[in-house]
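As structure tokens, the structure follows; a few thoughts come after it.
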Protein chains: 2
Amino acid sequence: MNYKYIEIAKAIKEKINDGTYLPGDLLPDQTQIAKEFNTTRSTVHKALKDLVIEGMIYSKRGAGTFVRKDYSLLKDHHQSVTDFDDPFSDRLSNSLESKILQFSVRMPSEAERNHLLVEPEVSIYEVRRVRFLEGEIFSYEHFLMPTTIIKLTDEILKKSVYQSLREQNFHIEGTHRIINAKKASEKDLKNGIVQNATDPVLVIRQLNYLDDGQPFQLLETRYPFAKSDLISDITV
Amino acid sequence: MNYKYIEIAKAIKEKINDGTYLPGDLLPDQTQIAKEFNTTRSTVHKALKDLVIEGMIYSKRGAGTFVRKDYSLLKDHHQSVTDFDDPFSDRLSNSLESKILQFSVRMPSEAERNHLLVEPEVSIYEVRRVRFLEGEIFSYEHFLMPTTIIKLTDEILKKSVYQSLREQNFHIEGTHRIINAKKASEKDLKNGIVQNATDPVLVIRQLNYLDDGQPFQLLETRYPFAKSDLISDITV
DNA sequence: GTTGATTTGTGCGTATGTATG
DNA sequence: GCATACATACGCACAAATCAA
């Protein structure tokens, strides 16, 4: 379970985070690093490639490998991502509570079947809940999930669906999102998402999927306009 | 300039796109593919890994490599990304026009310097423009750029800044975004982003950077609430 | 439940290609 | 042109996960 290239990647990460290598700095060349870790250049190359993908460093043929100038910047932002937006993070789970408005099972429409990629005879959960963070309203969620993946309970819905999935060894891979600004609906007012009929809401429709490409949840979340920062990084 | 692993990746992509391999299908094993392309398993492994990163396939040790079940779905959405939101795409440039409201040079504040990572003595461009897509208002942009990267002109601003950067051989890497829903401001009304003072706007603040990690643009864009779909994919 | 075959993942060594300065 | 440094490619060995007999 202990891979060399991951250890090397970790060690280099460490040195960047503690300031041994500063933004813009040239790292030792791959042969040097290989010597230092008592391994070959190919393994070092693999470790470095992972860090390139993470956006921490970049390599130039013939020149060397450098620490990205904006790394410290990204680091700050990445924290906000995990703190706030990432549904797969556990950090907030203590102070996060849910009030369940609906919890039922029904057959999906054809459009819903196409999104969730389930067979015609499979039924789906339909859930609506309001989420509170440290007592304050945080979001309104409406989602669909096939009943074939895990069995949902009131208990699970009060806490975290994602946590239950992980506990049952499902591996969550990623999410696809469509983001809008919308006018508050009457429901938003009733649910307490907004105080005022003229307040805007941030609406995110997202499809979450497992590592085998199976979508497991079709989700719409509505956030109060003032509280919501959605953060995303895009690499081309 | 012709790498084998890229050719292999392309060939497999092709077969997935034309339906030779369907979603959920098991691909031939790496040794088979290696034979087919007259190469070694390591090279095939590399090609496949790239496709895994792209979200087209997934591999399981001991089992094999499969086409992702939701690939066709993602493919559809990806079109919208490039059509609509990606500032680095050229597709729209014909029908996209700009009305320039401000185009000036000044010294940055300290906060701005920190974001753009420029030296204290470097001045920055400040630009405000309204963008039109096929005659209709599309967005309002306000951005800052260091004067040290490229020389901006009215001509460039009417068209595409990104295109000019590419023409001068700068390689754009990615972007970091913070997304909000906000109430329309008076300016939004004046600029025609909204018709109505109660309409919401989708606000995106983003930092765009080059491949060496140098941020080149700090940008705030305001979109009319009805016209804007922002699409993003996140892989964990 | 164990074993064995299959398949992907990792690691090493070496050689060659290609971009930079 | 030359030295340097990263990138690709090949071949082999072994480890780890999966699945079926």
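Quantities reported herein were computed from a predicted structural model and do not represent experimental measurements. Protein chains get the first letters and strands the later ones, always in sequence-line order, with residue 1 at the start of each.
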Item to check | Summary of ring pair (Phe, Tyr, Trp, His ring centres under 6.0 Å) pairs that have at least one residue in residues 30-61 of chain A, sequence neighbours excluded | outcome: Tyr58(A)-Phe66(A)
Tell me the interatomic distance from [X], atom [atom1], to [N], atom [atom2], rounded to whole angstroms.
X        : N       : atom1 : atom2 : answer
Tyr58(A) : dT20(C) : OH    : P     : 13 Å
Tyr3(B)  : dC6(D)  : OH    : P     : 15 Å
Arg41(B) : dT6(C)  : CZ    : P     : 14 Å
Lys46(A) : dT8(D)  : NZ    : C1'   : 15 Å
Asp29(A) : dA5(D)  : CG    : P     : 5 Å
Lys35(A) : dC12(C) : NZ    : P     : 16 Å
Ile33(B) : dT8(C)  : CD1   : C1'   : 11 Å
Gln32(A) : dT4(D)  : CD    : P     : 12 Å

Checklist entry - Given the rule in the side-chain contact (heavy atoms from CB on, under 4.5 Å) test, do Thr43(B) and Ile8(B) qualify, once you have shown the distances and angles that lead to the verdict? => result CA-CA 9 Å; Thr43(B) 305; Ile8(B) 296 170; 4.1 Å; yes
Item to check | Thr148(A): partners by side-chain hydrogen bond (donor to acceptor under 3.5 Å, both in side chains), with sequence neighbours left out | outcome: none
Checklist entry - Are any of Lys4(A)'s side-chain N or O atoms less than 4.0 Å away from OP1 or OP2 of dC12(C)? => result yes
Next on the checklist: Taking 4.0 Å as the cut-off, does a side-chain nitrogen or oxygen of His45(A) come that near to OP1 or OP2 on dA7(D)?
Outcome noted: yes
Checklist entry - So does Arg106(A) pair up with Glu112(A), basic N to acidic O under 4.0 Å? => result yes
Checklist entry - Contact class for Thr31(B) (heavy atom, under 4.0 Å): base, sugar-phosphate, or nothing? => result nothing
Next on the checklist: Taking any heavy-atom pair under 4.0 Å as a contact, classify Ser42(A): base, sugar-phosphate, or nothing.
Outcome noted: base
Next on the checklist: By nearest atom, which of the nucleotides dT18(C), dG9(C), dC10(D) is closest to the Arg61(A) side chain?
Outcome noted: dT18(C)
Checklist outcome for this item: Among dC6(D), dT8(C), dT18(D), the one nearest any side-chain atom of Ser59(A) is dC6(D)
Checklist outcome for this item: Exactly one of Asp50(A), Asp25(A), Thr65(A) clears side-chain contact (heavy atoms from CB on, under 4.5 Å) with Ile57(A), and that residue is Thr65(A)
Item to check | 5′-ward residue of the pair Gln30(B)/Thr40(A) relative to DNA chain C | outcome: Gln30(B)
